[in-house]
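All heavy atoms count here, side chains included; hydrogens, waters and symmetry mates do not.
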Amino acid sequence: MTRPRGSDHVHATLRAVRPAPGRVRATVEVSVDPGWHVYGPDSSEGKPLALTADGERGHEVENVRFPQTADGLLSGSFEVEAELSTADPEVTLVLAVQACNKVICEAPGTLRLTAAVTAPDAVPGQ
């Protein structure tokens, strides 16, 4: 499998939970390799992170919540949360990323993330 461009230093997984009929709460767990960062949506530099739905299924992503940053940079591990209106048993989201270090930036790329939708009581720790 070929890694998407722009994602060599960014890794992500998707969890999807159905809190109510026709609704999905999505959590993207993002991990950025040490020494690298990505740009948050409030950054004035680089290409900021963006979370969208896979166009093939017609889902719309609503209420996307990114971590707050003082300088617009995100590094280490963090979560991006969103809501979707769908009754589908599986959702696919696309995370647009551009990883940079102090010297270079990778080309912008995307990570396509798919997860089965689970019931709230099926999620460990809830």
Side-chain angles (χ1 to χ4, degrees):
M1 178 171 138
T2 304
R3 292 179 68 115
R5 279 185 23 184
S7 66
D8 289 342
H9 300 283
V10 180
H11 316 279
T13 58
L14 172 63
R15 286 191 334 258
V17 177
R18 187 171 314 284
R23 300 294 298 165
V24 172
R25 183 176 59 240
T27 303
V28 179
E29 297 174 350
V30 182
S31 174
V32 181
D33 288 346
W36 291 82
H37 63 268
V38 295
Y39 295 100
D42 54 345
S43 176
S44 60
E45 299 180 40
K47 179 162 177 60
L49 280 180
L51 185 65
T52 57
D54 175 52
E56 294 177 15
R57 292 188 176 257
H59 303 144
E60 287 207 29
V61 177
E62 306 164 357
N63 303 320
V64 180
R65 293 174 300 282
F66 293 93
Q68 296 290 323
T69 66
D71 58 3
L73 305 181
L74 296 166
S75 58
S77 296
F78 57 89
E79 293 182 345
V80 177
E81 298 177 328
E83 298 173 13
L84 294 91
S85 293
T86 181
D88 287 355
E90 178 179 274
V91 295
T92 300
L93 300 180
V94 178
L95 183 68
V97 300
Q98 182 179 29
C100 299
N101 63 24
K102 291 182 180 181
V103 179
I104 62 167
C105 287
E106 293 183 322
T110 58
L111 296 170
R112 191 170 188 271
L113 309 165
T114 301
V117 179
T118 62
D121 54 65
V123 177
Q126 285 193 359

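- The side-chain hydrogen bond (donor to acceptor under 3.5 Å, both in side chains) check on Glu83 picks up Arg23, Asn63, with sequence neighbours excluded.
- In terms of heavy-atom proximity, Ala12 sits nearest to Leu95 at CB-CD2, 4.2 Å.
- In terms of the side chain to side chain contact (heavy atoms under 4.5 Å, CB included) criterion, residue partners of Glu81 (sequence neighbours excluded) are, by chain and number, Thr27, Arg65, Glu79.
- A 4.5 Å side-chain heavy-atom check between Val80 and Val64 finds at least one atom pair inside the cut-off.
- Rounding to the nearest 0.5 Å places CZ of Arg15 at 8.5 Å from CZ of Arg25.
- You'll find the side chain of Glu90 reaches within 4.5 Å of the side chain of Thr114, heavy atoms only.
- In this structure, the side chains of Val17 and Val24 stay at 4.5 Å or more apart for every pair of heavy atoms.
- In this structure, the side chains of Thr92 and Arg112 come closer than 4.5 Å at one or more pairs of heavy atoms.
- Annotation for His9 and Trp36: closest pair NE2-CZ2, 3.2 Å, computed over non-hydrogen atoms.
- When every heavy atom of Pro48 is checked against every heavy atom of Pro41, the shortest pair comes out as CB-CA, 3.8 Å.
- Here Ser85 contributes atom OG and Glu62 contributes atom CD; the two are 4.0 Å apart, rounded to the nearest 0.5 Å.
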Side chain to side chain contact (heavy atoms under 4.5 Å, CB included) between Leu113 and Val28, intermediate numbers included: CA-CA 9 Å; Leu113 309 165; Val28 179; 3.7 Å; yes
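- The minimum heavy-atom distance between Ala82 and Leu51, with the atom names listed, is CB-CD2, 3.9 Å.
- Among the candidates Val10, Asp8, Thr110, Val30, the single residue satisfying the side-chain contact (heavy atoms from CB on, under 4.5 Å) test with Val97 is Val10.
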N/O donor-acceptor pairs under 3.5 Å from side chains in residues 68-77, not counting sequence neighbours:
from, atom 1, to, atom 2, distance (Å)
Thr69, OG1, Asp42, OD1, 3.2
Thr69, OG1, Asp42, OD2, 3.0
Thr69, OG1, Gly72, N, 2.9
Asp71, OD1, Leu73, N, 3.0

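- The same ILVMFWY cluster, assembled from side-chain heavy atoms under 4.5 Å apart, contains both Leu49 and Val61.
- For residues 67-108, no residue pair satisfies the ring pair (Phe, Tyr, Trp, His ring centres under 6.0 Å) rule, not counting sequence neighbours.
- The line from NE2 of His11 to CG of Leu111 is 9.0 Å long, rounded to the nearest 0.5 Å.
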Full working for side chain to side chain contact (heavy atoms under 4.5 Å, CB included) between Thr86 and Val91: CA-CA 8 Å; Thr86 181; Val91 295; 3.9 Å; yes
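- Heavy atoms only, all atoms of each residue included: Phe66 and Ala50 are closest at CZ-CA, 4.2 Å.
- Using a 4.5 Å heavy-atom threshold, the side chains of Lys47 and Tyr39 count as separate.
- Each disulfide (SG to SG under 2.5 Å) pair with one or both residues in residues 67-104, not counting sequence neighbours, appears once here: Cys100-Cys105.
- The two residues Arg18 and Pro21 come nearest to each other via the heavy atoms CD-CA, 4.4 Å.
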